[in-house]
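Worksheet: the structure to be examined is printed underneath.
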Amino acid sequence: MALNDFFAGEIAMELLKQLIAVSHNLRSSIQELLPIIEEIKYSGVELPAFRQSQLDRFSEVLRGGLELARKVLVSSRWNVYKNLQLARRMEKLEKQVERFISGPMQAHLLADVHLMRFETVERFDRLEHRLSSMKIGAGGWVEDAVKRMEVEEEASVGILGGVGLDLAKNKVRKMVIGRDDLSVVGIWEFNPTKTTLANEICKDNQVRSYFNNKILFLTVSQSPDLEQLRAKIWGFITGNEAMGYSNNSFVPPGRLLQSEGGTGPRTLVVLDDVWSLSVLEQLIFKLPTYKTLVVSRFKFPTSVINEVYKVEMLGDDESMSLFCHSAFGQKSIPPAANETLIKQIVSECQGLPLALKVIGASLRDQPEMYWVSAMKRLTRGQPISESHENKLFERMAISVDYLNKKVKECFLDLGSFPEDKKIPLDVLTNMWVEIHSIDEEDAFAILVELSDKNLLTLVKDARSGDAYSSYYEIYVTQHDVLRDLALHLNNRADVNERKRLLMPRRDTELPRDWVRNIDRPFNAQIVSVHTGEMREMDWYRMEFPKAEVLILNFASSEYFLPPFIDDMPKLRALIVINYGTTEATLLNFSVFTNLANLQSLWLEKVLVPELSNATAPLRNLRKLSAVLCKVNNSFNPSVLDLLQIFPRLTELVIDHCDHLVRLPASICRVNSLQSLSITNCHRLSESPADFGLLKQLQILRLYACPELKVLPPSIGELVELKYLDISQCVNLRSLPREIGRLASLEKIDMRECSQIVNLPSPAVLSNLKSLHRVICEDEVSGQWKNVKKAMPGLHVQVAEKWYSLDWLDD
């Protein structure tokens, strides 16, 4: 018996040893893979919701693997049955991870390529729908504006630096791959095309071959997160890129890290938009086979950068070609144009590419007297300082001065947002509607006019653009020089009298000129703050009697809301955006008590405080948006009456809030609600039963909520509903029969609803007299086409087929 116990013990111990060894290996692999998946999910790049959902589900599998590894490590050797079960589960998990990496992950890459080629007509369908009767700017439709923007970019690539793109690339290429003695090289000049040149170097076949595609491009900007940048660079150099996504990664200190030996793989890191020597020194690692390419408008000492290529201004021919392309849509002067006048204007731009593009666009389709006036103003605007920065600002200011007053004000508003960040379109339109007394259609018209004139860039999400889709799927970006121009024009007045009080870059404290003038009220209409973590002691008591918009940009895990919000009696729009890696806890939420006039509230990547009936009501709030927020305790259904807190709410947006499980039933009593968007909330499992009480609701989006299984029958009582989006609700099993009562419904989007295989009868669906478009899967398209027989105006669109991750449910 003792011998049997001995062998049983040895077998059990050997099984446990093997389990522990496997668990260590699997745990290590998951710990490397999980941060990468999380970074893809929360990088700020908007993914189609079905992909976001799949990545979420895979993340859950990986987290389950970590828990499984933990159970193995604490398992008793005598529990042989349990250990055998654990062994089987680990074997299954290992196969799941391997299948994802070798299968669907490759499809993700193919999807990215496909999305880059997606037609702009489909993306901007909503813009066309909303502006179908309007001509914008220089006479083009929205689609034309986007195409012109793309053509202008192509023209800039072809006309570079006065010496031609090929010659410029040759010179930089020789520094990068032809000189092993140069570890740090640079591209320098106050010329917006320097970044274009750096991008072309990264795409160059010889460069890519030399570094075996091991090239990292990073934008540094004026207010960088140095720890994160250093971690990404060091992880890239060492081949452990997962550490670049961890807050606890070890990175050797200082730029003086050097090694005489070593034969690691050749590596190129491009640091774009570097503003200071102190920042640059912390991002350079002196290692064999490693090279840094620095791109900056500033010239740094040769002790730091071994050799520099100076981007030249455009020559006469290139300047004329770029200007004519922007002003006339061709690369030469039209026969009927005033050649002398055009040459004078081009000469005044002095070879500055961005000035040529912006001024050319501002003069497009204008009468000759307008051109004469612009030329005279350019001539009078010669600055005392001959720096390229001053020259560029003074010349581009001419094009801004000629904008319509309302359009110019909107351009100047763009300086309120941080550099090198995407601005959600929803944020812009909310702000413009509140402070400029315009409607959303006018806001779109202004947006497209600024795009036509090359003063901003539209960034399009592949799925966005459908009629009734949300604006937050479209973003605006702006060249940092154009943002600097907006700041330059905004800051001409005395600090207490500026219409916009803006921080140009992220800082650890408020600007000194603000602090020096706190004894007098600030008359700004817009106040924009950009900091890291702020504590109560970091704020000053300041008065803002005219402020209507407050933008709080920050990057931290904790943030004390400024006490001076109490002294903003006219505040209409509050925008709180956290650019940190995790949701931030907001302190001093009691300042909301006095926001009687607040109309719009945008919260991004913050922990929304728990709301209760004791919460001070925001009686005039019309629009509430929570994006990437943690809201698990915020909407406690048992203690919350939303009607009491938000009695006039017309639009509610909750997007990418993974902790939201259910909505409070009291939401159905907010009878002023016209638009409800609950999107990418992957744990939302049920919707309120009394949806039908929302008699004014026109838009209902339950997009990408994979745990949602049923729609309540009361949805048939939404008599004003025009748009229903249930796409990517992969576990939704059916459409309720009551949907046939939605007489106002115009569009249904039900793509990727794989569980819905049977629809209500054609007799029921044919009652949808206003329905003109359905987007669905091929499996149910035939049933909708049967309905079409009784509704000739119905268009049935079969959604493009995508791969799935159904194996994760095995």
Side-chain angles (χ1 to χ4, degrees), residues 126 130 410 413 416 423-444 446-447 468-473 525-527 546-552 565 568-577 589 591-604 606 608-609 611 615-627 629 631 634-635 640-655 657 663-664 666-679 691 693-701 718 720-723:
R126 176 170 187 184
R130 299 297 296 272
C410 290
D413 292 341
S416 308
I423 307 170
L425 199 60
D426 231 4
V427 171
L428 271 183
T429 54
N430 288 350
M431 184 170 77
W432 289 350
V433 166
E434 294 300 336
I435 65 177
H436 296 309
S437 301
I438 58 177
D439 56 26
E440 289 183 342
E441 284 77 8
D442 290 335
F444 263 94
I446 290 172
L447 176 85
Y468 307 113
S469 69
S470 177
Y471 298 160
Y472 61 70
E473 294 169 329
Q525 185 183 29
I526 299 175
V527 180
K546 298 181 180 181
E548 296 184 40
V549 175
L550 174 61
I551 305 173
L552 300 174
I565 292 181
M568 292 182 161
K570 294 185 177 181
L571 191 65
R572 297 168 62 85
L574 176 59
I575 300 159
V576 182
I577 300 180
F589 217 75
V591 295
F592 280 78
T593 304
N594 298 322
L595 299 181
N597 292 313
L598 193 67
Q599 304 270 329
S600 174
L601 175 61
W602 178 283
L603 300 173
E604 184 167 336
V606 300
V608 179
L611 303 175
T615 302
L618 296 173
R619 298 194 180 280
N620 288 304
L621 191 70
R622 301 298 201 273
K623 184 165 186 176
L624 173 61
S625 301
V627 178
C629 290
V631 297
S634 309
F635 300 113
L640 183 61
D641 185 354
L642 281 177
L643 179 61
Q644 180 177 323
I645 303 174
F646 308 119
R648 292 185 174 88
L649 195 67
T650 60
E651 183 169 351
L652 176 62
V653 174
I654 301 178
D655 180 56
C657 296
L663 293 170
S666 63
I667 196 173
C668 299
R669 297 213 309 275
V670 185
N671 49 26
S672 57
L673 207 58
Q674 297 177 14
S675 176
L676 177 61
S677 295
I678 313 295
T679 57
F691 255 153
L693 296 176
L694 298 172
K695 300 299 184 183
Q696 297 188 53
L697 195 68
Q698 298 180 27
I699 297 173
L700 176 59
R701 303 179 79 238
L718 300 176
E720 296 294 327
L721 193 67
K722 295 182 178 180
Y723 175 53

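Numbers here simply count residues along the sequence, with the first being 1. Predicted model, so just to flag it, every value in this text is computed and none were measured.
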For this session: Take V653 and W602 through the test side chain to side chain contact (heavy atoms under 4.5 Å, CB included) and record every step on the way to the result.
Result: CA-CA 9 Å; V653 174; W602 178 283; 6.0 Å; no

Problem set entry | Atom of L721, atom of I699 and distance for their closest heavy-atom approach | CD1-N, 3.8 Å

Exercise. Can you check whether F592 reaches I565 side chain to side chain, under 4.5 Å on heavy atoms?
Worked result: no

Seminar exercise, completed: Distance col, row L574:CG vs N430:CG, nearest 0.5 angstrom, shows 12.0 Å

Problem set entry | N671 vs K695, side chain to side chain contact (heavy atoms under 4.5 Å, CB included): CA-CA, chis, key distance, verdict | CA-CA 6 Å; N671 49 26; K695 300 299 184 183; over 6 Å; no

Exercise. In Å and rounded to the nearest 0.5 Å, what is the CD to CD distance from E651 to Q698?
Worked result: 11.0 Å

Exercise. SG/C668 to CG/L643 distance, rounded to the nearest 0.5 angstrom?
Worked result: 11.5 Å

Exercise. How many angstroms lie between atom NZ of K570 and atom CD of E434, to the nearest 0.5 angstrom?
Worked result: 14.5 Å

Problem set entry | Taking every non-hydrogen atom, the tightest pair across F691 and L718 | O-CD2, 3.0 Å

Exercise. Hey, are the side chains of L652 and I667 touching, using non-hydrogen atoms and a 4.5 Å cut-off?
Worked result: yes

For this session: Could you check if a side-chain atom of D413 sits within less than 4.5 angstrom of a side-chain atom of I435, using non-hydrogen atoms only?
Result: yes

Problem set entry | Rounded distance [0.5 Å steps], CH2 in W432 versus CG in D442 | 11.5 Å

Exercise. Which atoms form the tightest heavy-atom contact between M431 and I526, and what is the distance?
Worked result: SD-CD1, 4.4 Å

Exercise. For C410 and I446, which heavy atoms make the closest approach, and how far apart are they?
Worked result: CB-CG2, 3.7 Å

Problem set entry | Derivation of the side chain to side chain contact (heavy atoms under 4.5 Å, CB included) call for D426 and K623 | CA-CA 11 Å; D426 231 4; K623 184 165 186 176; 2.9 Å; yes

For this session: Enter the distance from L663:CG to I678:CD1 here, rounded to the nearest 0.5 Å.
Result: 5.0 Å

Problem set entry | Closest heavy-atom pair and its distance - L621, S600 | CD1-N, 3.7 Å

Exercise. Between L601 and L595, does a side chain to side chain contact (heavy atoms under 4.5 Å, CB included) hold up when you go through it step by step?
Worked result: CA-CA 11 Å; L601 175 61; L595 299 181; over 6 Å; no

Exercise. What are the two closest heavy atoms between P569 and N597, and how far apart are they?
Worked result: O-ND2, 2.8 Å

